[in-house]
Peer 1: 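My questions all concern the structure below.
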Amino acid sequence: MFSQREPSNAPLPVDDPGDRARQAPVHVLLLGLSVLLPLALFAWTAWSERRQAMEDAQAAATRTVAVLHEHAARVLETHELVLSEVIRQTEGRDWAEIARDHRLWTYLQRVAADLGRPADILLADAAGQVRMTTARFPAARGDSLAGAEDFAVLRAGAGWSHLGLATAAPGGPRQITLSRRRVDAEGRFDGILRVGLPIGQFTEFWGRFAPSAQHLVTLVRSDGLLFSRWPAEVAQTRLPIDGAFLRNAREQREGSFAGHSPIDGIARISAFAQVRDYPLHLAFSVETAAVLHGWHERVTLLGLYTALAAAALLGMAVMAMRLYREQRRVSGRWRQMVEQLRAESARREQAEAALRRAQTLEAVGQLTAGVAHDFNNLLQAIRSGLYLLSPRVPETSRRVLDASLQAVDRGAKLVRQLMVFARREGLEPRPVDPRALIAGLGELLQKAVGAPVAIETAIAADLWPALVDPTQAELAMLNLAINARDAMPEGGTLTIGARNARLAVPQGGAPAGDYVVLSVTDTGTGMPPEVLERVLEPFFTTKAIGKGTGLGLSMVHGFVTQSGGDLRIESRPGQGTTVSLWLPRAEAPAELPREELAPARPAPAGHGCSLLLVDDDALARLATAAALREMGHEVAEARDGEEALLVLGQRRDLRVLVTDYAMPQMNGAELTLVARRGRPDLAVIMITGYAAGLPGGKPPGVRTLLRKPFRMEELDMAVRVAAGLEAMAG
């Protein structure tokens, strides 16, 4: 049993009789536990499994009664609709006319047949005489409902509808009756209308849906009248009001209970529910013995395993006592192995945490790309619609139109910022003067942080230009300023800094080289180390609900990383926070600021060309096609690639194909290849809602690629150039 080991010079422990005497109680305890522990575990497991079996059965009964309740409610509601329709058909008519109306009888026959099972529709006058029935035409003179429960209740004015039980014929199957009160023009009682629902309409569904376990479905009225007890039908017609079922059902609309049936004395687990607002309760029950049958088998098997385990543990305890001295010698080695395992476990946890962060960023990126695509399609539809409205808007409302077009431009800019955050959009870096960038943000920053916060600057002389996307840089500085404001609820000082820096060796995510460092420093509450660790995680925020999304710093980090720089945060509780953006230095001098484009004006209509517009987004297609027609083009439309190929085969005069990229079954690139095989002269312009462009760039055969939301003047220019026409002036 023992492996050979190298001889050791360490002295062996002395076998002290006193030590053996002291350890004897421990050994006895070990022997006792080797038997008692498995028995205790067996008892606990058996009890837990029994409780779980009962809970599972109760949950299954609750689910089943929910389905049965939904079916019963739909059946009753369907027959309620039938009664409503019969009332509408007979409203304002006297009984003599109704009794001899063969067309009405035919209609009722058809309605009864449509209910799926033989159903009886009765109309009785104020005296209880049956004036019309689907069973025969005309109704027999002797047929009367004068002694029926529903007739008596409705004549007494105890309600407008009644739910009862009757037989279709003497000795025939039972029916659930749904009756309505009929009144004359003065509001006096003028008879009843009744629909009979065969019990089989419920029991057939119960037979198909109920599980294989021994079960029972009970349908009973609130006063104890027993409609059905399936499949164990009994001669008893009522249930006791104070029984477990009705007592619970009258106290609450739905629930569950366990107990013995007052009819057959069998213990069952039951779930019940009131059928909508009807005085009708439905219960599904399973026998407790059937539920515990499997538990008994498992407990028996578990008992066998427990006996084997107890015997094994007893043997192991005896062996453990013999090996006690040996185990003391190797305990030091075990401790060393445990420490190694702990270190390895810590390394694995760090690796798993890094993997989860990467997966989170990837998931956020995919979600952002999908949302950006759909949002760009919506913006395109809005831009095209505004273009069409432009010539029809009076000059007094022109400012509103221009503001709407600028809002569309801001929406497109926001989509691009989201794509930069998700690292799905290429930036447009160019040399930027940091001083001009900070000066341009001055008024906006003051408005963003508010009066309680004082803004100071610490800008070094002879700053280098930074190679950065200016729009994203402004957004990053604004985000940092807003975060700093939130960290100073009582006010404070916000310092905007800018300096040159040089890295001789790579640090963090920044390679070696020259950098322009933009910093935002606040005198706020600061962050503890555990918050500082997670502050760059997407959606992580310490702000109250509704005060922040947790994306601000994540977006800034994504922008700086994509720009080839690094983001660094220094913070201590009570000592404020400094966030530094390390942006790469630009070798070329800074460019002058770009001027904002004026809002677009519709181009005057002129002679255009025949083209085909393909887009699966109906709103974008409709608005874009209308705008192109306004510009003088003849536009054919298609909602997908397959329809586009059919139109191209029928219209040889179409000179230009304008197609969306993302479409079901056949995308724009595939449509281009197929269309140009038969029409090599066909010019193709591709439009796309993907803010990051298409994978692999412009597809083969495509003359021009436009990103949504584009200006209609841009599309008009591209169409005219593709068709060989002179572009219209914008």
Side-chain angles (χ1 to χ4, degrees), residues 413 416-417 419-421 423 425-449 453-485 493-523 532 535-536 552-571 576-596:
K413 183 177 179 182
R416 185 165 169 265
Q417 290 167 351
M419 294 301 291
V420 170
F421 152 67
R423 305 183 188 181
E425 165 89 352
L427 298 174
E428 296 180 4
R430 63 175 186 266
V432 174
D433 183 0
R435 288 181 294 269
L437 181 72
I438 295 173
L441 281 172
E443 184 178 353
L444 183 60
L445 285 177
Q446 188 62 62
K447 289 180 179 179
V449 300
V453 177
I455 299 180
E456 298 180 356
T457 57
I459 303 175
D462 301 325
L463 275 177
W464 298 325
L467 185 62
V468 69
D469 187 318
T471 302
Q472 300 301 326
E474 290 175 356
L475 178 65
M477 296 295 288
L478 184 60
N479 273 331
L480 296 180
I482 292 173
N483 279 350
R485 175 204 65 190
T493 302
L494 177 69
T495 304
I496 308 296
R499 59 184 175 87
N500 298 330
R502 179 173 285 108
L503 291 179
V505 294
Q507 292 186 18
D514 294 337
Y515 291 88
V516 176
V517 181
L518 303 182
S519 62
V520 176
T521 302
D522 64 66
T523 58
L532 194 59
V535 74
L536 296 180
L553 280 176
S554 299
M555 294 177 69
V556 175
H557 182 250
F559 152 68
V560 174
T561 303
Q562 203 168 351
S563 299
D566 192 21
L567 182 143
R568 301 181 185 178
I569 304 177
E570 300 175 6
S571 181
T577 302
T578 298
V579 183
S580 302
L581 309 183
W582 289 63
L583 304 174
R585 174 186 179 182
E587 299 300 330
E591 299 179 4
L592 294 175
R594 298 182 182 179
E595 295 183 359
E596 292 289 333

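Everything numeric in this text was worked out from a predicted model, so none of it was measured.
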Peer 1: Nearest 0.5 Å please: distance from the OG atom of S580 over to the CG atom of L480.
Peer 2: 9.5 Å

Peer 1: Is T523 reaching over with its side chain to a backbone N or O of T493, donor-acceptor style, under 3.5 angstrom?
Peer 2: yes

Peer 1: If you apply the rule side chain to side chain contact (heavy atoms under 4.5 Å, CB included), what do you find for L463 with N500, and how did you get there?
Peer 2: CA-CA 6 Å; L463 275 177; N500 298 330; 3.4 Å; yes

Peer 1: Check I438 against G497 and note the closest heavy-atom contact, atom names and distance.
Peer 2: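 I438 and G497 have their closest heavy atoms at CD1-O, 4.5 Å.
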
Peer 1: Walk me through whether L567 and T561 qualify under side chain to side chain contact (heavy atoms under 4.5 Å, CB included).
Peer 2: CA-CA 8 Å; L567 182 143; T561 303; over 6 Å; no

Peer 1: Within a strict 4.5 Å, meaning less than it, do heavy atoms of the L437 and L518 side chains meet?
Peer 2: yes

Peer 1: Do the side chain of D566 and the main chain of W582 share a donor and acceptor less than 3.5 angstrom apart?
Peer 2: no

Peer 1: Begin with the C-alpha distance, continue with both residues' side-chain angles, and end with the deciding distance and a verdict on side chain to side chain contact (heavy atoms under 4.5 Å, CB included) for R485 and L494.
Peer 2: CA-CA 8 Å; R485 175 204 65 190; L494 177 69; over 6 Å; no

Peer 1: Considering all heavy atoms of both residues, which atom of P584 and which atom of S563 are nearest to each other, and what is their separation?
Peer 2: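 Taking P584 first and S563 second, the nearest heavy atoms are CG-O, 3.3 Å.
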
Peer 1: On a heavy-atom basis, which atom in A466 and which in A586 lie closest, and how many Å separate them?
Peer 2: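 In terms of heavy atoms, the two residues are closest at C-CB, 3.8 Å.
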
Peer 1: Looking at every non-hydrogen atom in both residues, tell me the closest pair between V432 and P434 and how far apart they are.
Peer 2: O-CD, 3.3 Å

Peer 1: Going through the checks in order, is the side chain to side chain contact (heavy atoms under 4.5 Å, CB included) test met by M477 and L581?
Peer 2: CA-CA 9 Å; M477 296 295 288; L581 309 183; 4.0 Å; yes

Peer 1: Got L467 and P431 here, is their nearest side-chain heavy-atom distance under 4.5 Å?
Peer 2: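 Side-chain contact under 4.5 Å: yes.
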
